[in-house]
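So the structure is just underneath, and the comments pick up after that.
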Amino acid sequence: LADEHKALEFVAEHKNVEAVELLNKAVDKYPTVVSLRAVRAPLLVELDRFSDAIADCNLVLAHEGSDQTMYLTRSIANHMLGRERQAIYDLDQLIAMDPNKALAYNNRAWSLAALNDYDAALIDANKAISLDKNLPTAWDTKSVVLNRLGSERAGPSACGEATSSDSRR
């Protein structure tokens, strides 16, 4: 579809509002083309339109239940809406599909921490780091969780580890 290709050009140019507007028109014109919603959903999250993103993800997952991007996108939208249990469900699905996806463990750690389950959050943050030592958000997550746990290892030492990891790149 020409609209989908033009929308992807807008995305490459960081013109997400324009891309979503074009995708909205395309979805109205071709409501059964699921790929349009798969492209639009992550953009909707970036535009803080979380409920709309979830609706698109739901539709895509109803047609293609193994779309990892949709599970990740929906988990982020749910997390941003404070729906941590739904976010964790999606991240559990994603981890079951790809047990080596560091970002999934990192994001699940955030949701677990939001539910005050800091021990489980720390396990996931450590798992994310073990899978990808160069994932800066994982180090940030670990630092936050350690701070919330009240550990002496929190803050500077966790950040120091991230800095030394970054210097090895």
Side-chain angles (χ1 to χ4, degrees), residues 1-117 120-121 123-125 127-142 144-145:
L1 296 167
D3 291 338
E4 186 174 2
H5 294 293
K6 183 62 179 170
L8 292 173
E9 288 176 23
F10 281 139
V11 171
E13 297 168 6
H14 304 286
K15 296 179 179 177
N16 293 346
V17 172
E18 293 88 343
V20 168
E21 288 172 0
L22 189 59
L23 288 165
N24 288 343
K25 291 175 186 173
V27 166
D28 290 343
K29 191 174 181 180
Y30 307 103
T32 60
V33 178
V34 176
S35 64
L36 295 169
R37 294 171 192 267
V39 171
R40 185 174 67 175
L43 298 173
L44 292 169
V45 167
E46 289 186 29
L47 297 175
D48 295 339
R49 293 178 50 193
F50 306 119
S51 294
D52 293 334
I54 290 168
D56 276 358
C57 291
N58 289 343
L59 191 115
V60 173
L61 289 168
H63 289 278
E64 177 53 55
S66 62
D67 189 315
Q68 293 183 19
T69 300
M70 291 300 100
Y71 279 110
L72 182 61
T73 300
R74 190 170 68 180
S75 73
I76 293 167
N78 276 314
H79 173 74
M80 296 305 293
L81 291 171
R83 300 175 185 163
E84 304 307 335
R85 294 196 193 292
Q86 291 93 328
I88 291 168
Y89 171 83
D90 284 337
L91 293 164
D92 288 345
Q93 301 306 308
L94 184 54
I95 290 167
M97 287 184 262
D98 184 357
N100 295 313
K101 193 158 197 80
L103 186 59
Y105 287 98
N106 177 73
N107 291 6
R108 189 170 69 179
W110 274 108
S111 288
L112 289 164
L115 294 173
N116 299 321
D117 189 350
I123 290 168
D124 273 0
K127 179 68 174 182
I129 290 167
S130 75
L131 291 170
D132 185 354
K133 289 182 180 14
N134 292 318
L135 182 65
T137 58
W139 292 99
D140 294 341
T141 302
K142 181 176 180 176
V144 168
V145 171

Which atoms form the tightest heavy-atom contact between [X] and [Y], and what is the distance?
X    : Y    : value
C57  : A41  : SG-CB, 3.8 Å
V145 : A121 : CG2-CB, 3.8 Å
P42  : A38  : CD-O, 3.2 Å
D124 : Y105 : CB-O, 3.4 Å
A128 : A138 : CB-CB, 3.9 Å
D56  : L44  : OD2-CD1, 3.5 Å

Distance to the ring centre below 6.0 angstrom and angle to the axis at most 45 degrees; does that hold for K15 and F10? no
I need the [X] [atom1] to [Y] [atom2] distance, nearest 0.5 Å.
X    : Y    : atom1 : atom2 : answer
L131 : K101 : CG    : NZ    : 11.0 Å
E46  : T73  : CD    : OG1   : 9.0 Å
S75  : N107 : OG    : CG    : 5.5 Å
I123 : S130 : CD1   : OG    : 12.0 Å
K25  : D28  : NZ    : CG    : 10.0 Å
L61  : Q93  : CG    : CD    : 9.5 Å

With L72, the side chain to side chain contact (heavy atoms under 4.5 Å, CB included) member among D90, L91, V45: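 Looking at D90, L91, V45, the match for L72 under the side chain to side chain contact (heavy atoms under 4.5 Å, CB included) is L91.
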Could you tell me whether the side chain of [Y] reaches within less than 4.5 Å of the side chain of [X], counting heavy atoms only?
X    : Y    : result
N24  : V27  : no
M80  : I76  : yes
L43  : R49  : no
F50  : H79  : no
E64  : V34  : no
V144 : W110 : yes
R108 : L94  : no
R83  : I54  : yes

For the side chain to side chain donor-acceptor pair (under 3.5 Å) test, which of D140, D132, T141 pairs with N106?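 Filter result, single survivor: T141.
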Given the rule in the side chain to side chain contact (heavy atoms under 4.5 Å, CB included) test, do V33 and L36 qualify, once you have shown the distances and angles that lead to the verdict? CA-CA 6 Å; V33 178; L36 295 169; 3.9 Å; yes
Using atom types as modelled and distance alone, determine if a side-chain donor or acceptor of Y71 lies under 3.5 Å from a backbone N or O of G65.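 It does hold such a pair.
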Would you please test R85 and N78 for side chain to side chain donor-acceptor pair (under 3.5 Å) and show each step? CA-CA 8 Å; R85 294 196 193 292; N78 276 314; over 6 Å; no
Does a donor on one side chain and an acceptor on the other come within less than 3.5 Å for Q68 and S66?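 There is no such pair (donor and acceptor under 3.5 Å, judged by atom type) between the side chains of Q68 and S66.
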